[in-house]
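Take a look at the structure below.
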Amino acid sequence: MPKTDLWFTELQNEDLTIGLRVAKTIHSEETPYQQLDVYETNQYGRLLVLDGCVMTTDKDEFVYHEMLAHVPLHTHPNPENVLVVGGGDGGIIREVVKHPSVKRAVLAEIDGAVVEASKKYFPHIASGLNDPRVDVQIVDGIKYVEEHANTFDVILVDSTDPVGPAVGLFSKTFYESVFDALKADGLFAAQTESPFVNQNLIRRVYGDINKTFPITELYLAHIPTYPTGMWSFTMGSKTHRPEAVKEVRVSDTKYYNLGVHHAALALPNFVKELVQK
Ligand code: SPD
């Protein structure tokens with residue numbers, strides 16, 4: 001990789017940035033919803049950026065996609081109908097279709113340009129989008145959820161950060177619609193940002209999910225290119241508990257396994273304090 005003087009810098013908050021040296025700009029476009037950029041970086045391979053925020057990189061994408069997908073999918077004993085809200089790059093869908101029980105996986109992504117860019121520049125991430133069980137819908141995920149009561153076993157919310165179009169995906173009203181869109185023993189999980197820099201958001205989101213679902217669990221994973229590297233996911237479940245998982249049903253994972261499933265539920269004290277019930 002050439003040592004250019006070009007750097008991509010994500011302003012993670014007013015006082016924190018992450019910088020990656022860029023070998024080459026691969027693609028840039030302004031979609032109807034956001035600025036979309038793809039860079040080749042020296043350290044993390046290809047990097048997908050939406051509105052200046054890191055979405056995924058070749059090198060660490062597997063951690064996020066496996067953890068947002070497999071912890072909830074294993075918590076459900078027989079996930080057949082799965083909805084992914086957002087996640088237009090296809091990384092979550094790739095993990096969902098690894099589950100033999102899945103009969104139908106809907107991707108509800110608002111921005112078709114993300115799907116197209118991923119197919120072209122991140123084919124290994126988008127690979128699951130060609131699975132015959134997958135139905136890609138270019139729609140507003142919030143409306144899609146509202147219009148599909150009692151339909152899904154598992155819903156996975158792979159949103160961008162809670163600014164702009166993604167704000168509604170972090171609201172109590174949305175969690176209530178998700179509850180209604182799930183079957184009687186359904187469950188959902190969403191990416192819920194970093195416990196180091198998004199503490200107020202995590203407190204509020206956990207509280208809202210906890211008011212909506214009988215069971216709420218926050219779990220963690222290590223994602224180097226996301227702010228601080230410590231990332232949270234929150235699960236809301238009607239009946240099933242992630243602690244009850246006894247076996248793993250997929251084998252081709254690079255991060256997720258049974259030990260990681262249970263370890264991810266063990267929270268450091270400062271994170272426990274954020275989610276005191
Ligand atoms: N700060 C990064 C949050 C991004 C979450 N979504 C990433 C999309 C990858 N499929």
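Ligands are counted one by one from 1 in listed order, and the atoms in each one are counted from 1 as well.
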Contact check, side chains of His27 and Leu36, non-hydrogen atoms, under 4.5 Å | yes
Ligand 1 to Ser159, heavy atom cutoff 4.0 Å, flagged ligand atoms 4 (C), 5 (C), 6 (N)
Ligand 1 to Asp158, heavy atom cutoff 4.0 Å, flagged ligand atoms 6 (N), 7 (C), 8 (C), 9 (C), 10 (N)
Over 60° means perpendicular and under 30° means parallel, so classify the ring planes of Tyr144 and His148, tilted if in between. parallel
Atoms of ligand 1 under 4.0 Å from any heavy atom of Asp89, numbered from 1 in the order shown, are 8 (C), 9 (C), 10 (N)
Of all protein heavy atoms, the one nearest atom 4 (C) of ligand 1 is Tyr226 OH, 3.7 Å
Note: ligand 1 atoms sitting under 4.0 Å from heavy atoms of Trp231 are 1 (N), 3 (C)
With heavy atoms and a 4.0 Å threshold, my read on which part of Cys53 contacts ligand 1 is neither
The side-chain contact (heavy atoms from CB on, under 4.5 Å) partner of Phe152 among Val145, Val82, Val178, Val106 is Val106
Honestly, for His65 the part within reach of ligand 1 (heavy atoms, under 4.0 Å) is side chain
Under 3.5 Å between any N/O of Glu10 and any N/O of ligand 1: does that happen in this structure? no
- Message: Can you tell me how the ring of Tyr226 sits relative to the ring of Tyr64, calling it parallel under 30°, perpendicular over 60° and tilted otherwise?
- Response: perpendicular
Quick look: Ile92 vs ligand 1, heavy-atom contacts under 4.0 Å, and the answer is neither
Closest to atom 3 (C) of ligand 1 among protein heavy atoms sits Asp161 OD1, 3.2 Å
Exercise. Should the ring pair Phe8 and Tyr39 be called parallel, tilted or perpendicular, given that the plane angle runs from 0 to 90° and is split at 30 and 60?
Worked result: tilted
(Q) Could you check whether any side-chain heavy atom of Arg204 comes within less than 4.5 Å of a side-chain heavy atom of Phe170, counting everything from C-beta outward? (A) yes
Parallel, tilted or perpendicular: ring planes of His74 versus Tyr256, cut at 30 and 60 degrees
parallel
